[in-house]
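The chain is numbered in sequence order, starting from 1. As the structure is a computational prediction, the values presented were derived from the model and not from experiment.
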Amino acid sequence: MYCILIAIIGFFAGYLIGSIPTAYLIVRLRAGLDVRTQGSRNVGALNAYNVTQSKRTGIVVGILDGLKGLVVALAAGQFLGGSFWIQSMALIGAIIGHNYPVWLRFQGGRGLSTAAGGMFAIGVSYTVVWCLTWFISSRFFNDVLHANLIAIILTPIVVLVFPTAWIEALMVREIPATDYRFISFIVSGILLMSHGDAVKILLKSEQ
């Protein structure tokens, strides 16, 4: 019961940190625009760049969004007992907070940077596979949304078939590879849900 309570606390603490709308705040500060009404209306790094046409702005937003996940996962490991599942619950909270921030009426980003940053604090296999898959897909399709979706779907599958020794070699802490594979599917599931608008855009473009 105590562990469940700590996991719930971790989730909501992660949500609050993850829900800090970095793209909204930075674009409003630098350009005086509401990122929710511009471009793709997505509150994330890519749309921040598209709206401001500033690579620096996009990079800064991406780094800060990644730091949200990293800080949440590290803090949960340090201050909430260090359990893998408590860390995971806190990270899931951060991703959901980023995607559905209460401060912006639940209109947020897609969670990619936040997920990548958080997974670095647990084990880097997911992030490494995602980045490689995204890079190859983006070169093949020459489209960010296609690459995002392909990387989200394929990454947990690749992690699933990865030799256990490879996953363990890239772990930040000692975690059973089975648990890591399980959380990889959960993270990708959350990311896929946040890409519903991207799926609709791609379907329309192919009609």
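- Taking the side chain as every heavy atom from C-beta outward, Phe84 and Ile183 approach each other to under 4.5 Å.
- Looking at residues two or more places apart in sequence or on another chain, you find a ring-ring contact (aromatic ring centres under 6.0 Å, His included) between Phe141 and His146.
- Using a 4.5 Å heavy-atom threshold, the side chains of Trp134 and Leu112 count as separate.
- Legend: salt bridge (charged side-chain N to carboxylate O under 4.0 Å, His left out) pairs involving residues 85-97, not counting sequence neighbours: none detected.
- Partners of Trp103 according to the ring-ring contact (aromatic ring centres under 6.0 Å, His included) rule, which considers only residues two or more places apart in sequence or in another chain, do not exist here.
- Looking at residues two or more places apart in sequence or on another chain, you find a side chain to side chain donor-acceptor pair (under 3.5 Å) between Arg30 and Thr57.
- Screening residues 148-184 for ring pair (Phe, Tyr, Trp, His ring centres under 6.0 Å), with sequence neighbours left out, gives Trp85-Phe182, Phe162-Trp166.
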With a 3.5 Å cut-off and sequence neighbours excluded, list the donor-acceptor pairs that the side chains of residues 118-126 form with protein atoms.
{"from": "Tyr126", "atom 1": "OH", "to": "Ser188", "atom 2": "OG", "distance (Å)": "2.6"}

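- Judged as a side-chain contact (heavy atoms from CB on, under 4.5 Å), and not counting sequence neighbours, the contacts of Gln38 are Leu33, Val51.
- Pairing each heavy atom of Lys68 with each of His98, the nearest pair is NZ-ND1, 3.1 Å.
- The backbone N or O of Arg110 sits less than 3.5 Å from a side-chain atom of Ser194, completing a donor-acceptor pair.
- Under the ring-ring contact (aromatic ring centres under 6.0 Å, His included) criterion, Tyr49 pairs with no residue at all, not counting sequence neighbours.
- Contacts of Ala45 classified as side-chain contact (heavy atoms from CB on, under 4.5 Å), with partners at least two apart in sequence or in another chain: Val61.
- When the ring-ring contact (aromatic ring centres under 6.0 Å, His included) test is applied to Phe135, no partner is found at least two apart in sequence or on another chain.
- Between the side chains of Asp65 and Thr114, no donor N or O sits under 3.5 Å from an acceptor N or O.
- Taking Ile, Leu, Val, Met, Phe, Trp and Tyr as hydrophobic and joining them when side-chain heavy atoms fall under 4.5 Å apart, one finds Val161 isolated, its cluster having no other members.
- For Arg28, the salt bridge (Lys or Arg N to Asp or Glu O under 4.0 Å) test picks out Asp34, with sequence neighbours left out.
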